[in-house]
Amino acid sequence: MTNQVSEFPTERTFQYQHSLPPLPVPSLEGSLAKYLDAVRPFATEEEYQVTAAVVKRFGEGIGKDLHQKLLQRARTRRNWLEEWWLNAAYLELRYPSQLNVNFGGPAPYLEHCWPPTEGVQLQRNSISMWHTLQYWDLLRTERLDPHKAGNVVLDMDQFRMLFCTCKVPGVTKDTIINYFKTESEGPCPSHVVVMCKGRFFSFDAVCDGHILNPPELLRQLTHVKQCCEGEPAGEGVAALTSEERTRWAKAREYLIGIDPANKTILETIQSSLFVVSLDDAKPYATAENYTPVTREALTGDPTIRWGDKSYNSISFADGTFGSNCDHAPYDAMVLVTQGYYVDQQLKATDGKWKGSETVRPMPLPEELVFTVDDRVRSDVAHAKQQYFETDLQVVCYAFTSFGKAAIKQRKLHPDTFIQLALQLAYYRQHGRLGSCYETAMTRRFYHGRTETMRPCTLEAQNWCHTMLLPAASLHTLKALLLAFNKHNKLMAEAQNGKGFDRHLLGLYLIAKEEGLPMPDLFTDPLYSKSGGGGNFTLSTSLVGYTTVLGAVAPMVHHGYGFFYRIGDDRIVASCTAWKSSPETDAETLFQNLVTSLHEMLHLATTAQL
């Protein structure tokens, strides 16, 4: 998704929000037929017949009633899924969200004007902050052009959640607080929180109606760094945000209880534009090996990032950058769009500030000091211990043999190409297919977010079988093209509101809310074996065709997280796995992916597609 910023915009960022179509409810028959097709690769003939009978009973019985209730719900809501999805996918989860749910990743600047360099952390940070603040201003003044797919306008609501947004833990369910407002809606918080060595500082990024310039931002950042250098580390209260959600909620209540001033500090963090993390780590990543910076962004020091914040901008001591973001309020494409904007601005200026060097008189950053006692210190120590005991393996490499140009030259869709290569890589490594989730975007509908597209089709399975035979044949090529066509068809349907996973989720949640016995469809072994109920072995997403990449943890313990971006001449992918799982290894999967990519291009080339 490229950014389009008009000097004299004719369209405002959020002007089409009220004219977007409502999220449709697919037909029950269609969803059940697609579901049966999706479970086929994971079933023996006998298992499939059992599941087919379960689905038939569901479609003729309780499923019909649940579907009618869902249609009724959709008549009174422009997006029948929105509230349910936020609760079920994010806010009701009780396990720690910082490592399990958040996404993070490297900034692409090291590929061009900002390679790893010591001694420039604050200076570079002041420039990247300034560009980020310009992006905030574009949203405030609605000068960011609305996104479109061809002539179809896409929903922009998630862009309201990038700044001034935070998740707040609850004992049974979290909430999201959003303070962002456009200029026409009223005043919006303009302060930034800087975290360094377990301590918190805050300053206003606007002075006399003007955003601070990089020399002014540098002065503020320098003050923070000087306050922390040679001093003991702070209490590290931020580590609490990495805790199990109910435990964090209770620790937060206690924190507020011992001193009301702690509540004010929490609100200052929550309402801030974003958090800047001054990290002492030196990942020393390269344009070919992003692993060190990606790993630090996802699993780095929990005392200098606020895990519930919609955007933590991480500045490393070697002059490289990363981010860590709560996934609940928005999907990764929001940060990708912002990151690509900053990247393009830095490229255009060679990473330098060429404006005024004037530093206006203004207040220095204020330190935010929590009142803590032994119980809080104990809670922080427990949170840090839990966090560092987690064992996420992270690899992130650039595949540079070819990219989008070579794939499109063979008249193949680049995203489908990589998804099928991943299926083959997993099949080669594990001797079976992996249930797979790929993100499909539904932003053409009001407040649309995502739908599940399942790349592990019967056609993909057949093709993987033929690819591992001693010699590729015409049959292999035909199988590949069938797999491509099926994938493209399913993706188009999912993006147009005709997927089935969110529909089944809706039917499940109606049964649950009404206290009905859980229908057999959702307890049938093939439901979870094929990935249903959030059990996908491969959790994947195309981050786009820009320079920005991210990473995410696996959805299940024996699974993988797999994000990738596609450039003209390269494919950059991040792969994660839990080290404690004896079945998985992210490094091996990536190497198998490389083999698959080469084999597929060779097949397509020899066939002269």
Side-chain angles (χ1 to χ4, degrees), residues 1-7 9 11 13 103-115 124-125 127-149 154-163 273-274 276 285 287 290 293-294 297 310-315 320-325 327 329-352 396 398 403-405 414-415 418 439 441 443 450 541-552 563-574:
M1 181 72 67
T2 57
N3 284 283
Q4 293 189 325
V5 182
S6 305
E7 191 174 346
E11 299 173 304
T13 306
F103 56 83
Y109 325 136
L110 63 82
E111 287 191 10
H112 46 88
C113 57
W114 284 356
R124 286 181 177 180
N125 202 345
I127 296 172
S128 75
M129 272 183 77
W130 185 80
H131 288 300
T132 300
L133 291 166
Q134 298 305 308
Y135 194 80
W136 164 67
D137 192 55
L138 289 174
L139 290 173
R140 276 272 289 154
T141 54
E142 295 195 68
R143 287 180 294 128
L144 185 71
D145 288 352
H147 289 177
K148 295 179 182 179
L154 302 179
D155 187 277
M156 295 295 286
D157 184 67
Q158 292 180 58
F159 284 81
R160 302 179 66 94
M161 300 291 173
L162 177 58
F163 299 109
L273 283 168
F274 53 95
V276 174
Y290 270 106
V293 70
T294 308
S310 60
Y311 180 29
N312 290 273
S313 173
I314 307 168
S315 165
T320 58
F321 292 82
S323 61
N324 190 289
C325 309
H327 203 333
Y330 64 81
D331 298 314
M333 62 84 201
V334 173
L335 194 76
V336 169
T337 309
Q338 179 269 335
Y340 188 58
Y341 167 84
V342 174
D343 189 45
Q344 295 304 99
Q345 298 301 312
L346 289 172
K347 265 185 184 165
T349 57
D350 199 28
K352 295 181 174 69
C396 185
K404 180 176 69 174
D415 176 52
I418 292 170
T439 306
M441 179 193 72
R443 286 174 59 207
T450 61
S541 190
L542 166 64
V543 181
Y545 298 90
T546 73
T547 54
V548 182
L549 183 64
V552 69
F563 274 23
Y564 53 99
R565 65 174 172 89
I566 307 173
D568 282 342
D569 61 353
R570 60 174 45 208
I571 296 156
V572 188
S574 66

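FYI, side chains are in, hydrogens and waters are out, and symmetry mates aren't considered; it's all heavy atoms of this structure. Positions are given from 1, in the same order as the sequence printed here.
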Engineer: Where is the tightest heavy-atom contact between Arg565 and Val548, given as atom of each residue plus distance?
Structural biologist: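 In this case the closest contact between Arg565 and Val548 is CD-O, 3.4 Å.
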Engineer: Just checking, any donor-acceptor pair under 3.5 angstrom between side chains of Thr547 and Glu111?
Structural biologist: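 No, Glu111 and Thr547 have no side-chain donor paired with an acceptor closer than 3.5 Å.
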Engineer: Testing the 3.5 Å rule here: is there a donor-acceptor pair between the side chains of Asp343 and His112?
Structural biologist: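 Short answer, yes.
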Engineer: Rounded at 0.5 Å granularity, tell me how far CE in Met333 sits from CG in Leu542.
Structural biologist: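 Reported value, rounded in 0.5 Å steps: 13.0 Å.
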Engineer: If we ignore angles and hydrogens, is there a donor and acceptor under 3.5 Å between the side chains of Tyr311 and Asn324?
Structural biologist: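 Tyr311 vs Asn324: no donor-acceptor pair found between side chains.
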Engineer: OG/Ser313 to CG/Leu273 distance, rounded to the nearest 0.5 angstrom?
Structural biologist: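 Answer rounded to 0.5 Å: 12.0 Å.
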Engineer: Could you tell me whether the side chain of Pro414 reaches within less than 4.5 Å of the side chain of Lys404, counting heavy atoms only?
Structural biologist: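 When only atoms from C-beta onward are counted, Pro414 and Lys404 do touch, with a gap below 4.5 Å.
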Engineer: Taking the inter-plane angle between the rings of Tyr341 and Tyr135 on a 0 to 90° scale, is it parallel (under 30°), tilted (30 to 60°) or perpendicular (over 60°)?
Structural biologist: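 Answer is tilted, since the angle falls between 30° and 60°.
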Engineer: Do any N or O atoms from the side chain of Ser574 and from the backbone of Gly550 form a donor-acceptor pair under 3.5 angstrom?
Structural biologist: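 Between the backbone of Gly550 and the side chain of Ser574 there is a qualifying donor-acceptor contact (under 3.5 Å).
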Engineer: Verify side-chain contact (heavy atoms from CB on, under 4.5 Å) between Asp331 and His327, making sure each step is shown before the conclusion.
Structural biologist: CA-CA 6 Å; Asp331 298 314; His327 203 333; 3.2 Å; yes
Engineer: Do Asp415 and Tyr564 touch side chain to side chain, with heavy atoms closer than 4.5 Å?
Structural biologist: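 A side-chain contact under 4.5 Å exists here.
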Engineer: To the nearest 0.5 Å, tell me how far Tyr330 OH sits from Gln158 CD.
Structural biologist: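 Nearest 0.5 Å value for the OH-CD distance: 10.0 Å.
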Engineer: Indicate the atoms forming the closest heavy-atom contact of Ala285 with Tyr290, along with that distance.
Structural biologist: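 Answer, listing the atom of Ala285 first, then Tyr290: CB-CA, 4.1 Å.
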Engineer: Check whether any side-chain N or O of Asp155 sits under 3.5 Å from a backbone N or O of Asp157 as a donor-acceptor pair, and report yes or no.
Structural biologist: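 Judged by distance alone, yes, a pair lies under 3.5 Å.
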Engineer: For Met156 and Thr13, which heavy atoms make the closest approach, and how far apart are they?
Structural biologist: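 In this case the closest contact between Met156 and Thr13 is CG-O, 3.5 Å.
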Engineer: So, do Leu162 and Phe159 sit near enough that their side-chain heavy atoms are less than 4.5 Å apart?
Structural biologist: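 Side-chain contact under 4.5 Å: no.
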Engineer: Within the structure provided, determine whether Gln338 and Val334 are in side-chain contact (heavy-atom separation under 4.5 Å).
Structural biologist: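 No, their side chains stay 4.5 Å or more apart.
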Engineer: Of all the heavy-atom pairs spanning Ile314 and Ser323, show the shortest one and how long it is.
Structural biologist: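 Taking every non-hydrogen atom into account, CD1-C, 3.9 Å.
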Engineer: Would you indicate whether the side-chain heavy atoms of Phe321 and Arg124 approach each other to under 4.5 Å?
Structural biologist: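 Yes, their side chains come closer than 4.5 Å.
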Engineer: Tell me, do Ile127 and Trp114 make a side-chain contact under 4.5 Å, heavy atoms counted?
Structural biologist: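 In short, these two side chains touch, coming nearer than 4.5 Å.
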Engineer: State which residue, out of Asn312, Asn125, Thr132, fulfils the side chain to side chain contact (heavy atoms under 4.5 Å, CB included) condition with Val276.
Structural biologist: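 Per the side chain to side chain contact (heavy atoms under 4.5 Å, CB included) rule, the option paired with Val276 is Asn125, out of Asn312, Asn125, Thr132.
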Engineer: Go through the steps to decide whether Glu142 and Arg160 satisfy the test salt bridge (charged side-chain N to carboxylate O under 4.0 Å, His left out), and finish with yes or no.
Structural biologist: CA-CA 11 Å; Glu142 295 195 68; Arg160 302 179 66 94; over 6 Å; no
Engineer: Looking only at side chains, do Tyr340 and Gln345 share a donor and an acceptor under 3.5 Å apart?
Structural biologist: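 Their side chains do not contain a donor-acceptor pair, so the 3.5 Å distance test is not met.
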Engineer: Of the options Leu335, Leu549, Val572, Ile566, which is the one that meets Val543 in a side chain to side chain contact (heavy atoms under 4.5 Å, CB included)?
Structural biologist: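 When Leu335, Leu549, Val572, Ile566 are each tested with Val543, the side chain to side chain contact (heavy atoms under 4.5 Å, CB included) holds only for Leu549.
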Engineer: Looking at every heavy atom in both Glu11 and Pro146, which two are closest together, and how far apart are they?
Structural biologist: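 Looking at all heavy atoms of both residues, the closest pair is CB-CD, 3.8 Å.
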Engineer: Are Phe274 and Trp136 an aromatic pair by the rule of ring centers under 6.0 Å?
Structural biologist: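 No, the ring of Phe274 stays outside the 6.0 Å limit from the ring of Trp136, centre to centre.
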Engineer: State whether Asp137 and Arg143 are salt-bridged, where the test is any N-O pair (Lys NZ or Arg NE/NH1/NH2 against Asp/Glu carboxylate O) under 4.0 Å.
Structural biologist: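 Looking at Asp137 and Arg143, the cut-off is met.
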Engineer: Go through the steps to decide whether Thr450 and Arg443 satisfy the test side-chain contact (heavy atoms from CB on, under 4.5 Å), and finish with yes or no.
Structural biologist: CA-CA 8 Å; Thr450 61; Arg443 286 174 59 207; over 6 Å; no
Engineer: Taking all heavy atoms of Leu110 and all of Ala287, pick out the closest pair and write down the distance.
Structural biologist: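 Looks like CD1-N, 3.6 Å.
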